[in-house]
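Everything on this sheet refers to the single structure shown next.
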Amino acid sequence: MAIAALIIAGESAFLLPFVLARVFRPTLLDVFEITNLQLGAAYSVYGVVAVAAYFFGGLLADRFPARAMLTVALAFTAAGGLVMMTLPSPSTLALLYGYWAISTIALFWAPLIRATREWGLNFSQSRAFGLLEGGRGALSAVLASIMVVLFAALLPEESESASLAQRMESLRLIILLLTATTGGAALLIFLALPARKARREEAMSISGAAQVFAMPSVWLQAAIILCAYVSFKAIDDFSLYANQVIGLNEVDAARIGVASLWIRPFAAIGVCYLAERIGAPIMTIACFTLLAAGSFTLAAEALGDGMAWALVLTIVVSGIGIFGLRGLYFAIMQDGKIPLEHTGSAVGLASVVGYAPDIFMGPLMGYLLDEWPGATGHGYVFQIVAWFAMLGLIASYIFARVAGRIGPQAR
């Protein structure tokens, strides 16, 4: 029950801020009457607020019970969905994303990771984080599939003929569904997650944080998360790529976006299953290799009109790397010998660096896609992803050596 509740909560918190736009990006841009750059600016506000929120939330996670923090965070996030249903202006949307950064990061992220690590003490860290990421992926894919079916059912049979008003009302109903799901997750966490009473020595400690900051493994982990998260942000472009480069309509483009989400549970669980046997650092290297291969393919602008299956195959290769990394990059904390009592501080530091793409990837992608419409802009986006994948490959190799997984001291 505990890991199931963490899985549901872990994905529900990000349905409104990110999954909605990931699946329905073309429709959302039209209905909200905003550009890619304006949506990217809202993501950037989220990222700027999150920089402080990650570290502060890490300290809170080492002090307060996860159940209380996660319940409050999910309730606050759901409340933001009611604002989004009003189809706010670009400036209000940016403020809403700043609010979501507080609810999903300062109050939510580090407690989620700490609670998962504690659960994994009875099994393995790779299994715990693989189940968390894989379960989140399965939930996201199921909900996204339901959203696409519901969205298509609410539109005329020929979706291209749907009026703006029809698409607006359909999108509002999707937002309401996600809001209700997030609120339900808050109740589930409160009922299913065991309470943890923080010990006195777990109070917020600057000295404990300083101890974590001095560990090379924490900084290498932060670099790995940074490079992996750049690729994760880029999956927001999959449905728009299918629409603008491959020539699919909005519903079929949304289906491509959903197909990419279905890779997530199988990749995360499968990769972490292998990591239990050959080591999480080694599998991290393998995932970055796959990610680099898929990203360079998309960057080469080799795909064009009607090549839907080629796009799907490339997305599968990239997706195994992307989602496998998401299951691994907190599982390697054990290999990095990070003390359990300072998990929150370590997560806070690694996340400040690692999730920096929340600040720059949204505006950068928006600028490239607006300035160079079509295949050229999408090619530039995936060039960036490919080079970050190469940097991640280097960082993961160094981490594996520091952890003793490869090299003279390999065990």
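Atom CZ of Phe151 is surrounded by more than 12 heavy atoms from other residues, nucleotides or ligands within 6.0 Å.
Each salt bridge (charged side-chain N to carboxylate O under 4.0 Å, His left out) pair with one or both residues in residues 312-326, not counting sequence neighbours, appears once here: Glu133-Arg326. Screening residues 351-369 for salt bridge (charged side-chain N to carboxylate O under 4.0 Å, His left out), with sequence neighbours left out, gives Lys233-Asp358. A salt bridge (charged side-chain N to carboxylate O under 4.0 Å, His left out) check over residues 265-284, counting only residues at least two apart or in different chains, returns the pairs Arg127-Glu276. The salt bridge (charged side-chain N to carboxylate O under 4.0 Å, His left out) analysis of residues 82-101, with sequence neighbours excluded, yields no pairs.
For the ring-ring contact (aromatic ring centres under 6.0 Å, His included) test, no residue two or more places apart in sequence or in another chain qualifies with Phe388. Residues satisfying the side-chain hydrogen bond (donor to acceptor under 3.5 Å, both in side chains) test with Ser145, not counting sequence neighbours, are Trp262. Residues satisfying the side-chain hydrogen bond (donor to acceptor under 3.5 Å, both in side chains) test with Thr104, not counting sequence neighbours, are Tyr46. Partners of Phe323 according to the ring-ring contact (aromatic ring centres under 6.0 Å, His included) rule, which considers only residues two or more places apart in sequence or in another chain, do not exist here. With sequence neighbours excluded, no residue forms a side-chain hydrogen bond (donor to acceptor under 3.5 Å, both in side chains) with Gln383. For Ser89, the side-chain contact (heavy atoms from CB on, under 4.5 Å) partners two or more places apart in sequence, or in a different chain, are Ser91, Thr92. Applying the side-chain contact (heavy atoms from CB on, under 4.5 Å) rule to Val149 yields no partners; only residues at least two apart in sequence or on another chain are considered. Here Ser103 pairs with Thr77 under the side-chain hydrogen bond (donor to acceptor under 3.5 Å, both in side chains) rule; sequence neighbours left out.
Defined by atom type and a distance below 3.5 Å, a donor-acceptor pair is present between the side-chain atoms of Arg25 and Asn36.
With a 4.5 Å cut-off on side-chain heavy atoms, Val271 and Leu328 count as touching. At least one side-chain heavy atom of Phe330 sits under 4.5 Å from a side-chain heavy atom of Ser351.
Without hydrogens or angle criteria, Thr116 side chain to Ala128 main chain gives no donor-acceptor distance under 3.5 Å.
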(message) Pair Tyr355, Trp109 - check ring pair (Phe, Tyr, Trp, His ring centres under 6.0 Å), show working.
(response) CA-CA 11 Å; Tyr355 293 112; Trp109 184 244; 5.7 Å; yes
(message) Set out, in order, the CA-CA distance, both residues' side-chain angles and the distance that settles ring pair (Phe, Tyr, Trp, His ring centres under 6.0 Å) for Phe108 and Trp100, then state yes or no.
(response) CA-CA 10 Å; Phe108 184 85; Trp100 273 332; over 10 Å; no
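Aromatic rings from Trp219 and Phe399 are positioned such that their centres are separated by 6.0 Å or more. For Phe129 and Tyr329, the ring centers are positioned 6.0 Å apart or more.
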